Amino acid sequence: MPVWLVAILVVAYLAAPVVELRLWRAGRLSDRAVAVLLLTRFPVLLGVMWLAAGVHLDTLVIIVPVVIVIWKIGYGWLLSDLRDRGGELRSARS
């Protein structure tokens, strides 16, 4: 995998939460959108890096259902947590 591609992915992975948090606090992103973005960032990054590194699709076929189950469990928990603590998190200054 080219070094520049890794660098772009890492920068995007690190910069995205900052942008998302500011948009969420400003009320431009809903709680559901933030939950989806938080939960899908890491699996998408891993999938892109694995495909670029040449991991066999058989391996991804095994891993994807596990990630989906974890995502479904985490989504409900994270969404309820964002809704419960939304007011205090939105009022906090970064």
Side-chain angles (χ1 to χ4, degrees):
M1 180 181 326
V3 175
W4 61 269
L5 180 59
V6 173
I8 289 173
L9 287 173
V10 169
V11 167
Y13 183 77
L14 295 175
V18 175
V19 174
E20 292 164 7
L21 181 63
R22 288 184 181 179
L23 290 173
W24 180 68
R25 284 184 178 164
R28 295 189 177 169
L29 281 179
S30 68
D31 294 341
R32 288 181 184 209
V34 171
V36 169
L37 289 171
L38 287 172
L39 290 171
T40 57
R41 182 180 304 117
F42 189 65
V44 167
L45 177 70
L46 282 180
V48 168
M49 293 183 99
W50 284 343
L51 286 174
V55 173
H56 294 285
L57 288 177
D58 298 342
T59 307
L60 291 177
V61 168
I62 294 170
I63 293 172
V64 165
V66 173
V67 169
I68 290 173
V69 168
I70 293 170
W71 190 90
K72 289 293 249 179
I73 293 168
Y75 177 76
W77 174 80
L78 185 62
L79 185 60
S80 66
D81 190 47
L82 282 171
R83 287 181 175 163
D84 291 344
R85 300 186 327 151
E88 68 187 52
L89 291 175
R90 282 192 173 127
S91 64
R93 296 288 175 200
S94 55

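Being a predicted model, the structure only gives us computed values, none of them experimental. Positions are given from 1 along the sequence.
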Are Leu5 and Val11 connected in the hydrophobic side-chain network, where two residues link if heavy atoms are under 4.5 Å apart?
no
When rounded to the nearest 0.5 Å, the distance separating CG of Asp84 from CG of Leu79 is 9.5 Å
Straight-line distance of Leu39 CG to Trp71 CH2, nearest 0.5 Å:
6.5 Å
Determine whether Trp4 and Val10 fall in the same hydrophobic cluster, where Ile, Leu, Val, Met, Phe, Trp and Tyr are linked whenever their side-chain heavy atoms lie under 4.5 Å apart.
yes
Let me check something: do Ile73 and Val36 share a hydrophobic cluster, defined by ILVMFWY side-chain heavy atoms less than 4.5 Å apart, either directly or through other members?
no
Are Val44 and Val61 joined in one hydrophobic group, where the rule is that I, L, V, M, F, W and Y side chains link up if heavy atoms are under 4.5 Å apart?
no
Please tell me whether Ile70 and Leu37 are part of a single hydrophobic cluster in this structure, the criterion being side-chain heavy atoms less than 4.5 Å apart.
no
Closest non-hydrogen atoms of Leu29 and Ala33, given as atom of the first, atom of the second and distance, are CD2-CB, 4.1 Å
